[in-house]
Amino acid sequence: MSKNLKLIAAADDNAATGALAADGKPLRKGSTEERMYHEIYDAIMEHRLPPRTKLTEHSLCEIYATARHTVRKVLARLAADGMVDLEPNRGAFIASPSTDEAHDMFELRQMLERAVLDKLAAMRDVKAVIAPVRKMVAAERQAFLNHERPKWIRLSAEFHTALAELSGNALLVTMMRRLVSRTTLMIASVEAPGNNACSFDEHEEILDALERGDAALAQARMAHHLGACADRVQPDEPGNFDLRSVLGRST
């Protein structure tokens, strides 16, 4: 099972316990470091913390009642994921790729995801190989219908890294995870499934082409899909948020 699918299963297990945070979301288990990482990650992906929001170590220490070295470990993890930029002598900020960088990232994604699909379509039993990803897309659709916005946004983005994981190339997965994270930051958040940045309908169409072993069709559908994502890149917006109003509500 891929890392993304394991994360989905773990989230479902937490929800089944019935333990809820103050905002009604499933309470995350584990260390303070894990909770901080996931809460900041979710807040970024849900656009509750917009680009250029400063993540001050002092504030995070107070919000999570933890030591500075724990905060630094979390910020380093988020930076490795491409979600946070660490600037010397200035601190940590939610990543804010420029328009030129966004163009370059989507261009690179087109090339990498084309290669992923080419490799998957050539696999002997591709239907069985991509079956877990099809379940992910079903979960993505259900999350949207259930108005579970955080889960829907997360699954929508993780579809792409899940396909990369099936290729068996660890370096490719690392590159894709960073690219998907940074490009997702720049995509406007919308509600309608026909217009959303990562439509589960388009994901299913890509998988349908893969099941038929039609690499060219899968690649054409992915190219259209990523083009639609690129078209929804939103302009930079200043981040002037009180971290306490967004984070640490499940303590």
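Residues take their numbers from the sequence shown, with the count starting at 1.
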Mind jotting down which residue pairs meet the salt bridge (charged side-chain N to carboxylate O under 4.0 Å, His left out) criterion with at least one end in residues 74-88? Sequence neighbours excluded, please.
Glu33-Arg77, Glu34-Arg77, Arg52-Glu87, Asp85-Arg182, Glu87-Arg90
Using atom types as modelled and distance alone, determine if a side-chain donor or acceptor of Arg178 lies under 3.5 Å from a backbone N or O of Ala79.
yes
His58 backbone acceptor or donor facing Thr56 side chain under 3.5 Å:
no
Return yes when atom CZ of Arg114 has more than 12 non-hydrogen atoms of other residues, nucleotides or ligands closer than 6.0 Å, and no otherwise.
no
Are [Y] and [X] connected into the same hydrophobic cluster when the rule is that any two of I, L, V, M, F, W, Y join if their side-chain heavy atoms are below 4.5 Å apart?
X: Leu163; Y: Leu112; answer: yes
X: Ile63; Y: Ile44; answer: yes
X: Leu217; Y: Leu120; answer: no
X: Tyr41; Y: Phe159; answer: yes
X: Leu172; Y: Leu210; answer: yes

Atom pair [atom1] ([X]) and [atom2] ([Y]), whose distance is rounded to the nearest 0.5 Å:
X: Gln110; Y: Glu113; atom1: CD; atom2: CD; result: 7.5 Å
X: Glu205; Y: Ser199; atom1: CD; atom2: OG; result: 7.5 Å
X: Phe106; Y: Asp231; atom1: CZ; atom2: CG; result: 9.0 Å
X: Thr32; Y: Glu39; atom1: OG1; atom2: CD; result: 10.0 Å
X: Asp214; Y: Gln219; atom1: CG; atom2: CD; result: 9.0 Å
X: Asp100; Y: Met105; atom1: CG; atom2: CE; result: 10.5 Å

At their closest point, which heavy atom of [X] faces which heavy atom of [Y], and how far apart are they?
X: Leu75; Y: Ala92; answer: CD1-CB, 3.9 Å
X: Thr184; Y: Ala157; answer: OG1-CB, 3.8 Å
X: Leu171; Y: Asn169; answer: N-OD1, 3.2 Å
X: Pro51; Y: Ala95; answer: CB-O, 3.5 Å
X: Leu78; Y: Tyr37; answer: CD2-CE1, 3.6 Å
X: Ala121; Y: Ala215; answer: CB-CB, 3.7 Å

Begin from the C-alpha positions of Leu108 and Met111 and carry the test side-chain contact (heavy atoms from CB on, under 4.5 Å) through to its verdict.
CA-CA 5 Å; Leu108 181 55; Met111 291 185 283; 3.9 Å; yes
Could I get the full list of salt bridge (charged side-chain N to carboxylate O under 4.0 Å, His left out) partners for Arg212, not counting sequence neighbours?
none
Would you say that Arg154 contacts Met45 through its side chain, given a criterion of any heavy-atom pair below 4.5 Å between the two side chains?
no
Going by heavy atoms in the side chains, are Arg48 and Ile40 under 4.5 Å from each other?
no
Short N-O contact, [X] and [Y], less than 4.0 angstrom:
X: Arg221; Y: Glu202; result: no
X: Glu165; Y: Arg177; result: yes
X: Lys151; Y: Asp42; result: no

For a quick check under 3.5 Å, do His103 and Glu107 share a side-chain donor-acceptor pair by atom type?
no
Return the orientation label for the His225 and His160 ring planes: parallel under 30°, perpendicular over 60°, tilted otherwise.
parallel
Tell me, with the steps shown, if Arg141 and Asp201 meet side-chain contact (heavy atoms from CB on, under 4.5 Å).
CA-CA 8 Å; Arg141 179 186 295 276; Asp201 291 325; 2.6 Å; yes
Pair up each side-chain donor or acceptor in residues 123-133 with any protein partner under 3.5 Å, not counting sequence neighbours, and list the distances.
none

